[in-house]
Amino acid sequence: MIEDDTIKLLRECDAGIKMGVASIDEVLDYVNNETFKNYLTDCKNEHVKLQAEIQTLLDCYQDEGKEPNPIAKGMSWMKTNVKLVMNESDQTIADLITDGCNMGTKSLSKYLNQYKAADEKSKDITKRLIKLEERLVADIREYL
């Protein structure tokens with residue numbers, strides 16, 4: 001049970017990080033404000049570090065991780081591109097990233113509660129990922 005919940009929680013974190021990194025990559029070239037761009041770049045780099053930690057743990061369980069849901073990824077891409085075509089501004093990007101972070105935080109919190117038997121290391125990674133998302137939302141609030 002512990003191992004099963006641990007793997008499931010790590011998989012969800014893996015998929016969430018992949019989704020977050022892809023979302024940041026989609027908008028980064030459109031950001032005008034240098035400080036805002038730095039917030040996004042720093043957050044992306046932190047995501048990549050956490051992903052490496054997760055992959056190391058998943059390797060121990062001989063698990064390949066999880067890709068984001070293709071439908072969710074497609075919908076996110078479409079929403080981002082439609083909004084940017086209509087209004088290519090830092091405000092639009094901050095709004096999109098804030099929505100994504102809030103959805104990520106909600107999902108990760110749900111999985112943290114769902115997979116209660118996961119080991120403490122995996123729970124800690126999940127909590128760090130949630131804090132990372134929450135910090136980015138706070139950092140970019142001024143661009144909304």
(Q) Rounded to the nearest 0.5 Å, what separates atom OG in Ser122 from atom CD in Glu3? (A) 10.5 Å
Q: State the CG-CZ distance between Leu136 and Arg141, to the nearest 0.5 angstrom.
A: 10.5 Å
Q: Would you indicate whether the side-chain heavy atoms of Val48 and Ile17 approach each other to under 4.5 Å?
A: no
Q | Closest contact, heavy atoms only, Lys44 versus Asp25 | A | NZ-OD1, 2.6 Å
**Q.** Pair Asn87-Lys83, side chain to side chain contact (heavy atoms under 4.5 Å, CB included): steps then yes or no
**A.** CA-CA 6 Å; Asn87 183 8; Lys83 282 197 166 195; over 6 Å; no
Q: Under the side-chain contact (heavy atoms from CB on, under 4.5 Å) rule, collect the residues that match up with Lys49, sequence neighbours excluded.
A: Glu46
Q. Does the side chain of His47 come within less than 4.5 Å of Glu133's, by heavy atoms?
A. yes
Q.
For the CG atom of Asp63 and the CD1 atom of Ile54, what is their distance to the nearest 0.5 Å?
A. 12.0 Å
Q) What are the two closest non-hydrogen atoms of Ser23 and Ser76, and how far apart are they? A) OG-OG, 3.9 Å
Q: Determine, step by step, whether Arg128 and Asp124 satisfy the side chain to side chain contact (heavy atoms under 4.5 Å, CB included) criterion, reporting the C-alpha distance in whole Å, the side-chain angles of both residues, the deciding distance to 0.1 Å, and the verdict.
A: CA-CA 6 Å; Arg128 286 189 285 149; Asp124 177 64; 3.1 Å; yes
**Q.** Minimal non-hydrogen separation, Ala118 against Thr6, with atom names
**A.** CA-OG1, 3.3 Å
Q) Can you name the residues that form a ring pair (Phe, Tyr, Trp, His ring centres under 6.0 Å) with Tyr39, not counting sequence neighbours? A) none
**Q.** Between CD on residue Glu26 and CG on residue Leu28, distance to nearest 0.5 Å
**A.** 11.5 Å
(Q) Between Gln91 and Asp95, does the side chain to side chain donor-acceptor pair (under 3.5 Å) criterion hold? Intermediate values first, please. (A) CA-CA 6 Å; Gln91 184 178 3; Asp95 185 54; over 6 Å; no
**Q.** Electrostatic pair Lys37-Glu34, nearest N-O below 4.0 angstrom
**A.** no
Q. Would you say Asp29 has more than 12 foreign heavy atoms packed within less than 6.0 Å of its CG?
A. no
(Q) To the nearest 0.5 Å, what is the distance between CD1 on Ile7 and CG on Asp14? (A) 12.5 Å
Q: Identify whether Leu10 and Leu129 are in the same connected component of the hydrophobic contact network (ILVMFWY, side-chain heavy atoms under 4.5 Å).
A: yes
Q.
Are Tyr115 and Leu112 connected into the same hydrophobic cluster when the rule is that any two of I, L, V, M, F, W, Y join if their side-chain heavy atoms are below 4.5 Å apart?
A. yes
Q. In Å, rounded to the nearest 0.5 Å, how long is the span from CD of Glu64 to CD of Gln62?
A. 11.0 Å
Q. Is there a donor-acceptor pair closer than 3.5 Å between any side-chain N or O of Lys123 and the backbone N or O of Lys116?
A. yes
Q: Could you point out which residue of Ile97, Thr92, Asp90 forms a side-chain contact (heavy atoms from CB on, under 4.5 Å) with Val27?
A: Ile97
Q. What about Tyr30 and Leu144, same hydrophobic cluster or not, with Ile/Leu/Val/Met/Phe/Trp/Tyr joined at side-chain heavy-atom distances under 4.5 Å?
A. no
Q: Could you please spell out the steps behind the side chain to side chain contact (heavy atoms under 4.5 Å, CB included) verdict for Thr105 and Ser109?
A: CA-CA 6 Å; Thr105 299; Ser109 296; 4.3 Å; yes
Q. With a 4.5 Å limit on heavy-atom distance, are the side chains of Ile93 and Phe36 in contact?
A. yes
Q | Cluster check Leu57, Ile130: I/L/V/M/F/W/Y, side chain < 4.5 angstrom | A | yes
Q: Report yes or no: do Leu9 and Ile125 belong to one cluster of Ile/Leu/Val/Met/Phe/Trp/Tyr joined by side chain heavy-atom distances under 4.5 Å?
A: yes
